[in-house]
Amino acid sequence: MKQQEQFSSRLGFILSAAGAAIGLGAIWKFPYIAGENGGGAFLLLFLIFTMILGLPLLLAEFSIGRTAQQNAVRSFQIIAPGTKWYLIGILGMISVFVLLSFYSVVGGWIITYFWKMITGQLNGLTEPEYAEIFASTIANPAISLGAQLFFMIITIIVITRGVQNGIEQANKIMMPALAILFIILVIRSVTLDGASAGFSFLFYPDFSKVTAHTVLDAMGQSFFTLSLGVSAMITYSSYLPKDQNMPKSAVSIVAMNIMVVLLAGLVIFPAVFAFGMEPDAGPTLLFNVLPTIFSQMPAGMLFFAVFLIVFLFATLTSAFSMLEIIVAVLSRGNKRKRKQWAWIIGFAIFLFGIPSSLSFGLLSDVSLFGKSWFDLADYMVSNVFMPTGALLISIFISFKMKKCALYEEIKSGSNLRFSVFQAWFFLIRYIVPVLIILVMLDVIKG
Ligand code: PHE
């Protein structure tokens, strides 16, 4: 049975899938992790993983989704009936549940900051004052939980509207806006005096900072930014008509994602260095360092407002895809159920996210396995669930799907040559699983 809902065009699909991919991973996580891991070396590892693992896996998820044209769980049941492979879909649902629970916390911070900005509370302060304002804002449970709830409500409303009227329409507005605003920001940042130290930090690899953990982080980062291993791309591609070109879409999405990672790096690092700040400030890098930098530029607060809008759009478009994975499974194409489940699951995610939000305030002293609840949730999703999901998907596709049927599926809408298909199949069958296992073992040993 075909999905009842579909994207109306390839552009709608590409923008939505790129919207799912481009988010906190590229704009918030990448700069601070790269900042802590020596910049250029991390960027290089990330690019390598994206090309040899990310791109093949993206096409793999597309092929599963469009072959079955069903949600993340049903897709596996249709392709491998009577087996337990559908647990990959369940793992994906659990992963995005946890993921959205802390993602929405950061979404809330952006909204709060935007509010503070337009009400003039962020004008002309010094770096310690920004750090202080940020810390006290996120420590305030009423503000941070209220903003997190607001972020979830926007996400829920878009998802209740369905694929074409909700997800596709929102992405068609937000993604082009994001691209234009980003370019304005990059031009501002790279034309600052002293920006060149930022370029060398971002583009000159310093391998002395690379450890087994850096390698895992870079792999986790490439899965995270491309939304892989959690069936997000299976869900979106199930709404893709058969006459659309999947390999080309996959390449465009990876290219856009890399572009945004580079653009985010180009906005942040030149500015950080031009104003003599440190690139390894951690998760708060954006929120403390950027307003300091922007406030010292002419019309800086205007640029900061632009930045926050870009950031919010990117975060929302990713959040839509997370909630959609779960709602698609539970509502099975029923419109009324879609609405009900979107509200129920959206609210449950908010509740589960409360300890993440409080990790920066009331619960800041509580740690599990040496990490705060927020960090633990992030670590589990990025470095455990996503690589595991990706590993299982690569095994599923190479051993459970018929090679000729896969080729037919991928060729439908494209004119992919058999030799290119063979190369992809080789990567996904041998290289992807082995690399994932090696990186994970290396970390367990280390
Ligand atoms: N790719 C998103 C980001 O970089 C995160 C994400 C992961 C979204 C998994 C959906 C599913 O922010």
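Whatever order the structure lists ligands and atoms in, that order sets their numbers, starting from 1. No hydrogens, no waters, no symmetry mates; every other heavy atom, side chains included, goes into these values.
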Handout entry: Criterion salt bridge (Lys or Arg N to Asp or Glu O under 4.0 Å) on Lys29 and Asp378, from CA distance to verdict
Key = CA-CA 11 Å; Lys29 262 183 116 179; Asp378 183 11; 3.1 Å; yes
Practice task
Tell me, with the steps shown, if Phe396 and Thr83 meet side-chain contact (heavy atoms from CB on, under 4.5 Å).
Solution key: CA-CA 11 Å; Phe396 176 81; Thr83 66; 5.7 Å; no
Exercise for the section: Begin with the C-alpha distance, continue with both residues' side-chain angles, and end with the deciding distance and a verdict on salt bridge (Lys or Arg N to Asp or Glu O under 4.0 Å) for Glu324 and Arg338. Expected result: CA-CA 9 Å; Glu324 176 63 18; Arg338 164 182 279 280; 2.9 Å; yes
Exercise for the section: Evaluate the criterion ring pair (Phe, Tyr, Trp, His ring centres under 6.0 Å) for residue pair Phe311 and Tyr113; output intermediate values, then yes/no. Expected result: CA-CA 11 Å; Phe311 199 19; Tyr113 242 49; 9.9 Å; no
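Between Phe102 and Trp373, the distance separating the two ring centers is not shorter than 6.0 angstrom.
A heavy-atom distance below 4.5 Å is found between the side chains of Ile64 and Met401.
Heavy atoms of Ala20 found under 4.0 angstrom from ligand 1 belong exclusively to the backbone. By the criterion of a heavy-atom distance under 4.0 Å, the backbone of Ala21, and not its side chain, is placed next to ligand 1. Looking at Met386 against ligand 1, only its side chain comes within 4.0 Å, counting heavy atoms. When heavy-atom distances to ligand 1 are checked against a 4.0 Å cut-off, Leu99 comes that close only through its side chain, counted from C-beta outward.
Within the 4.0 Å heavy-atom shell around ligand 1 one finds Tyr103.
The only member of Leu53, Leu392, Ile393, Leu391 that meets side chain to side chain contact (heavy atoms under 4.5 Å, CB included) when paired with Pro433 is Leu391.
Under a 4.0 Å criterion applied to the non-hydrogen atoms of Val230, ligand 1 contributes the atoms 9 (C), 11 (C). The contact set between ligand 1 and Met322, taken as ligand atoms under 4.0 Å from a residue heavy atom, comprises 6 (C), 8 (C), 10 (C).
For atom 5 (C) of ligand 1, the nearest protein heavy atom (residue, atom name, distance) is Phe224 O, 3.6 Å. Atom 11 (C) of ligand 1 has its closest protein heavy atom at Ser227 CB, 3.5 Å.
Distances between N or O atoms of Val96 and those of ligand 1 include no value under 3.5 Å.
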